[in-house]
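Scroll down for the structure; my scribbles are underneath it.
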Amino acid sequence: MTKKKVVVGISGGVDSSVAAYLLKQQGYDVIGLFMINWHDTEGTLSGDCPWNDDLIFAELVARKLEIPFHTVDFSEQYRKRVVDYMFSEYEKGRTPNPDVLCNREVKFDLFLDAAMKMDADYIATGHYCMKEMITDENGKEIYRLMAGADKNKDQSYFLCQLSQKQLEKALFPIGHLQKPEVRQIADENGLATAQRKDSQGICFVGKVDLPVFLQQKLKSKEGAIVEIPDDLALYKTNEATQVDHEALKLLSTPYLYKAVDGVVVGKHNGAQFFTIGQRKGLNVGGKAKPLFVIATDTESNIIYVGQGDDHPGLNRKALFIKKDDIHWIRGDKAIQTGEVLHCQVRIRYRQPLQKATLYMFDEGMYIYFDKLQRGITPGQFAAWYVDEELMGSGVIQS
RNA sequence: UGACCUAUGGUGUAAUGGUAGCACAGCAGAUUUUGGUUCUGUUAGUCCAGGUUCGAAUCCUAGUAGGUCAA
């Protein structure tokens with residue numbers, strides 16, 4: 001009877017601590033592995049060494065659980081695969097999601113490889129999501145990525161870019177638990193991390209002042225903030241009587257504003273530092289309703305804003321994902337050109353799932369929502385679910 | 001240049017002579033393993049100088065600044 005070997009990514013937080021604990025309870029041969037992915041403290045808010053405390057807590061937990069503990073340094077690859085991507089996306093005026101990439105490229109790639117080299121059967125993380133396995137008619141195993149049982153903490157979204165191969169090796173020991181239960185388990189078992197605050201901000205980098213962080217690489221440059229009235233003639237094209245290919249193209253095309261469409265209400269120091277839907281940081285007051293960014297133009301360095309969260313420029317019913325950017329976790333359920341899929345979609349972390357229909361065409365996929373969606377942002381991931389299962393995802397093109 | 005109007009936090013605006021309030025912006029905290037959103041709290045103001053009055057953002061006079069009409 002050989003025990004199955006699992007390498008747990010121990011981060012120094014409660015979730016991964018309890019994940020390791022539970023695996024040990026379940027009789028696995030557990031190894032703790034701590035990742036160091038970031039050394040710089042430039043631009044971080046907390047200042048000194050963000051991961052130093054994490055390492056100490058991770059070690060404490062490993063000792064308490066009496067499991068072997070190691071560290072690995074992926075910082076070079078993390079920079080290449082996550083941080084560089086971040087900068088390049090922001091430079092293009094898009095808004096990336098580094099943490100989705102971090103999972104695909106680091107935790108479930110580099111880390112997975114490292115674990116396999118240690119002869120592990122599985123890797124495990126403290127994500128709030130669940131894995132299920134089914135077999136198709138040929139007896140082939142298919143893995144399903146399910147939302148976490150704690151609807152408030154569900155982190156399946158961050159894993160929306162995983163493949164079957166990655167999922168095959170993954171275990172999510174706390175996915176069936178509620179957050180308070182996790183804390184309670186940690187507490188009852190004397191894990192030092194029981195009361196530690198949940199982590200926030202870009203994982204591994206920490207909580208940063210984004211504009212300051214980005215200014216390490218991206219130049220700031222003064223430009224105009226232009227307010228677009230809510231009755232622009234452009235918006236009349238928003239109506240669609242039926243949902244066909246042409247209508248989907250139209251509905252998912254962002255409005256192309258010009259400076260003359262509105263009035264200058266202020267100035268900013270770089271359009272790349274702002275994202276669609278953003279309210280704070282514009283420094284423009286005196287309006288009856290708050291201003292939201294409805295578009296950024298990094299070419300001419302103009303930020304377009306609209307008044308109120310119901311501004312027609314901020315809300316759209318459809319978005320588009322390029323063919324190459326479509327990723328299916330459930331490849332066996334992928335739809336082909338001409339097919340549609342009724343499902344539920346979220347376009348950002350923690351957004352309640354939205355009823356929508358996927359329409360596949362040769363050039364890519366259109367997602368048509370039942371209701372208007374606020375702040376559809378290029379660069380972010382749209383993830384589609386059927387019931388509790390994450391079926392696939394893609395980078396929003398427009 | 002003549003007549004008239006206006007002046008309130010950073011911005012836009014409320015307040016029969018009686019506690020200067022609201023919105024937006026800003027700041028802080030909460031929420032959040034992206035960006036962002038949201039929630040809560042909070043800083044900050046009567047153009048200037050006199051006068052009337054128990055009491056002036058409010059009434060009167062002069063000044064300053066901006067605007068409108070007349071030429």
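Just so we're on the same page: letters track the sequence lines, and every chain starts at 1.
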Using the [atom1] atoms only, state how far [M] lies from [N], rounded to an integer number of Å.
N	M	atom1	result
B:A14	B:U6	P	13 Å
B:U46	B:G12	P	16 Å
B:G2	B:G45	C1'	35 Å
B:G36	B:G67	P	40 Å
B:U40	B:G50	P	44 Å
B:U19	B:U58	P	14 Å
B:C22	B:A15	P	15 Å
B:C24	B:G41	P	13 Å

Has [X] got its NZ or CZ under 6.0 Å from the middle of the six-membered ring of [Y], at an angle within 45 degrees of the ring axis?
X	Y	result
A:Arg374	A:Phe292	yes
A:Lys217	A:Phe87	yes
A:Arg350	A:Tyr157	no

With heavy atoms under 4.0 Å as the rule, sort [X] into base, sugar-phosphate or nothing.
X	result
A:Gly281	sugar-phosphate
A:Lys107	base
A:Tyr90	sugar-phosphate
A:Gln380	base

Figure out the [atom1]/[atom2] separation between [X] and [N], and round it to whole Å.
X	N	atom1	atom2	value
A:Leu210	B:U34	CG	C1'	8 Å
A:Arg94	B:U34	CZ	P	20 Å
A:Leu291	B:U11	CG	P	16 Å
A:Asp198	B:U31	CG	P	8 Å
A:Gln307	B:U11	CD	P	18 Å
A:Phe381	B:G36	CZ	P	17 Å
A:Leu282	B:C24	CG	P	14 Å
A:Ile225	B:A25	CD1	C1'	11 Å

Would you please indicate if the ring centroids of A:Tyr366 and A:Tyr359 are separated by under 6.0 Å? no

Step through it carefully: locate the ring centre of A:Phe158, locate the ring centre of A:His127, and say whether they are under 6.0 Å apart. no

Between B:U33, B:G26, B:G36, which one does the side chain of A:Asn283 approach most closely?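 Of B:U33, B:G26, B:G36, B:G26 is nearest to the side chain of A:Asn283.
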
Starting the side chain at C-beta, find the nucleotide from B:U33, B:U34, B:G36 nearest to A:Thr275.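 Shortest atom-to-atom distance from the side chain points to B:G36.
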
Answer with yes or no whether A:Lys287 presents, from its side chain, a donor or acceptor under 3.5 Å of a partner atom in the base of B:U13.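 There is none.
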
A:Asn37 (side chain) donor-acceptor with A:Asp73 (main chain) under 3.5 angstrom: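 Pair absent, no side-chain N/O of A:Asn37 close to backbone of A:Asp73.
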
N/O donor-acceptor pair under 3.5 Å between A:Tyr257 side chain and A:Ile303 backbone: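 No; zero donor-acceptor contacts below 3.5 Å.
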
Would you indicate whether A:Asp387, at its atom CG, is surrounded by more than 12 heavy atoms from other residues, nucleotides or ligands within a distance under 6.0 Å?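 Atom CG in A:Asp387 is not packed in, count stays at 12 or less.
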
Answer yes or no: are there more than 12 heavy-atom neighbours, outside A:Glu299 itself, under 6.0 Å from its atom CD? no

Starting at the 5' end of RNA chain B and moving along, which residue's nearest nucleotide shows up first, A:Arg350 or A:Thr377?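 Result: A:Arg350.
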
Would you kindly compare A:Pro96 and A:Val284 by the position of their nearest RNA chain B nucleotide and give the one closer to the 5′ end?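 First, find each residue's nearest nucleotide; the 5'-ward one identifies A:Val284.
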
Please work out which of the three classes, parallel, tilted or perpendicular, describes the rings of A:His311 and A:Tyr235, given edges at 30° and 60°. perpendicular

Atom pairs, N/O to N/O, protein against nucleotides 37-39 of chain B, distance under 3.5 Å?
from	atom 1	to	atom 2	distance (Å)
B:U37	OP1	A:Arg279	N	2.6
B:U37	OP1	A:Lys280	N	2.7
B:U37	O3'	A:Arg374	NH2	2.9
B:U37	O2'	A:Arg374	NH2	3.2
B:U38	OP1	A:Arg279	NH1	3.2

With sequence neighbours excluded, tell me which residues meet ring pair (Phe, Tyr, Trp, His ring centres under 6.0 Å) with A:Phe69. none

Extract the stems that RNA chain B is part of, considering only consecutive pairing runs of at least three Watson-Crick or G-U wobble pairs, both distances under 3.5 Å. B:1-7 with B:64-70, B:10-13 with B:21-24, B:26-30 with B:38-42, B:49-51 with B:59-61

